[in-house]
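Only one structure is covered here, and it is reproduced in the block below.
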Amino acid sequence: MTTEPSATLIDHVDPQVFVTYVEKTRWFGGKGRPFTVSAVRRLGELTPASGAEPRVALHLVELTYADVAADDPHRVEHYQVPLAFYAEPETRLDHAFVGWWEEPGRGWVHAYDALHDRAAMACWLDAFAAAAGAPDGALAAGGLLFHRIPGHAVDTTATATLFTGEQSNSSVSFGEDALMKVFRKVTPGINPDVRVHDVLTRAGSEHVAALYGWVEYVSPDGDVTQLAMLQQFLRTATDGWDIALTSVRNLFAEADLHAGEVGGDFAGESSRLGEALREVHDALAEHFPTGRGSTPAAAVAATMSARLDAALTVVPDLASYADGLHALYASVASLPDVEVQQIHGDLHLGQTLRTALGWKIVDFEGEPAKTLAERSLPDSRWRDVAGMLRSLDYAPHVVERTRSDDDIDELNQRHVRAYEWAHRNRNHFLVAYAGGEVGPDERVLLDAYVADKAVYECVYEKRNRPTWISIPLEAIARIVTT
Ligand SMILES: Nc1ncnc2c1ncn2[C@@H]1O[C@H](COP(=O)(O)OP(=O)(O)O)[C@@H](O)[C@H]1O
Ligand SMILES: O=P(O)(O)O[C@H]1O[C@H](CO)[C@@H](O[C@H]2O[C@H](CO)[C@@H](O)[C@H](O)[C@H]2O)[C@H](O)[C@H]1O
């Protein structure tokens, strides 16, 4: 089944309208960089079942950055901006106002970001519900293609609510029934978040929110761009990062006790997280089409070294650790081939949710700065394990930083407790993941992945939270001096 080719170049709207709007959103990743809106295309249109307002149009806004060379693949990016159109101003949506203009053949319209509008969001839900009854669970609607996985009847009466947290995409819950994640920065190709959820849902994994469906645009040339996915809403979920921070705060409240002696000890959860990740990795190795493979260890080491060299230009403070890090990566080069498979790719505590039925892992999109092609490559399981170990190191050090007004003895005491908490929880996580001790070759590989992740974090913190850069930098100092 294909969609009718409907991408239309929109030239009746002042591009500056979109510049102004995307710059003030949370999800725009190019803040502070010089860019122009080089094109706006309309991918499809949806209308409420009642035929009443609003009409919804999905726009793809093409941005061109002036701070990268013309041949750089990162020069152009595409952001999805679905709009809800009303003939008159809708003051309840003032915070989501994008602009007003004359639509050819339709007159003047007031355009709002559709994700803030429950009436507009009902159009997506209705199309997903209709797709369930379509042949192969795929329904062409308004120039888009809606896919459904059998097994769950979505509640079309549920009210849409936009999540307000820090996100690189936008998520809308439909009552307590379903969650739709609308991808903001989009690239043609299969989104790993959809692909992984699809495979794990069909495999019956207990550690992801079940996928209900997804929506995509198929160009006249057959190129697929995935725009959003609909999945199970985990109504009893609490963010793993928040639980870990609470555990550390409990410990700091009684800093003369050890981590295992205070209420709110996280070690049991760390073990359960290790088991959950192991099960997800096993399911991906068994069911993901790329299966298991291997890659020469020298290639893994070379990639790590290259990432370090690139990071040095952004974070000059890394220079004093560069020799030690290169030496660590060199020890990887002489290992046997490294096993690879589909993994998470950017795992940390903020990507884990504790529910009444155990731990779930979310957001399988991989590292945001990588291209879709890079994010879709099989990789070592140890990259995910390293991501969690780094996160279990971040948690106590983040809490430690928020409490600096005490006397020096208390500060020192908390510093010691922070290391104990990290050590205890990393150990529990790792032993549960590995089912015992980690072998010597795997230890070298894991240490290198931990260092590689900390190098990545230095760049991430420098660009996003410069006052936090000491957390990964201190970790690197410990890695190269032990
Ligand atoms: N199925 C779900 N049910 C309930 N909450 C969820 C679900 N999936 C993700 N979340 C929450 O939504 C937030 C954003 O999800 P995430 O996939 O990480 O989005 P992004 O790619 O925008 O970072 C997460 O912090 C998580 O707490
Ligand atoms: O959640 P994203 O996929 O956008 O991941 C990015 O942002 C993360 C921060 O929100 C960042 O994670 C780093 O900080 C976390 C604490 O805030 C910590 O738990 C992680 O271990 C640390 O890497 C992530 O690296 C980045 O890709």
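The shown structure was predicted, so the numbers you read here are calculated from the model rather than taken from an experiment. Start at 1 and go down the list; that is how both ligands and their atoms are numbered.
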- Under the side chain to side chain contact (heavy atoms under 4.5 Å, CB included) test, which residues partner D309, sequence neighbours left out?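 Side chain to side chain contact (heavy atoms under 4.5 Å, CB included) check on D309 returns L312, H326.
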- Flag S391 as yes when one of its N or O atoms lies below 3.5 Å from any N or O atom of ligand 2, and as no otherwise.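 Yes, S391 has an N/O under 3.5 Å of an N/O on ligand 2.
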- Minimum non-hydrogen distance to atom 9 (C) of ligand 1, winning option of T352, V362, T355: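 Considering heavy atoms of T352, V362, T355, the nearest to atom 9 (C) of ligand 1 sits in V362.
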- Item | Nearest candidate to atom 13 (C) of ligand 1, where distance is taken over non-hydrogen atoms, out of W241, F233, F163, F183 |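 Closest candidate by heavy-atom distance is F163.
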- Task: Assess R278 against Y433: is NZ or CZ under 6.0 Å from the centre of the six-membered ring, and within 45 degrees of the ring's axis?
- Result: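 Yes, R278 lies over the aromatic ring of Y433.
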- Should L234 be counted as touching ligand 1, given the test is an N or O pair under 3.5 Å?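 It does: an N or O of L234 is found under 3.5 Å from an N or O of ligand 1.
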Among protein heavy atoms, which lies nearest [atom], and at what distance?
atom                    : answer
atom 27 (O) of ligand 1 : L353 CD2, 3.4 Å
atom 18 (O) of ligand 1 : D363 OD2, 3.2 Å
atom 17 (O) of ligand 1 : K181 NZ, 2.7 Å

- Task: For ligand 1, indicate whether the residue Q351 contacts it via side chain, backbone, both or neither (heavy-atom separation under 4.0 Å).
- Result: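 It is the side chain that gets close, since no backbone atom is under 4.0 Å.
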- Considering all heavy atoms, the nearest T352-L349 contact: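 It is OG1-O, 2.7 Å.
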- Query: Are there protein heavy-atom neighbours of atom 7 (C) of ligand 1 below 4.0 Å?
  - Reply: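 Yes, there is a protein heavy atom closer to it than 4.0 Å.
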- Check whether any heavy atom of S168 sits under 4.0 Å from an atom of ligand 1.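 Contact present.
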- When rounded to the nearest 0.5 angstrom, what distance separates CG in L58 from CG in L43?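 Atom-to-atom, L58:CG and L43:CG are 6.5 Å apart.
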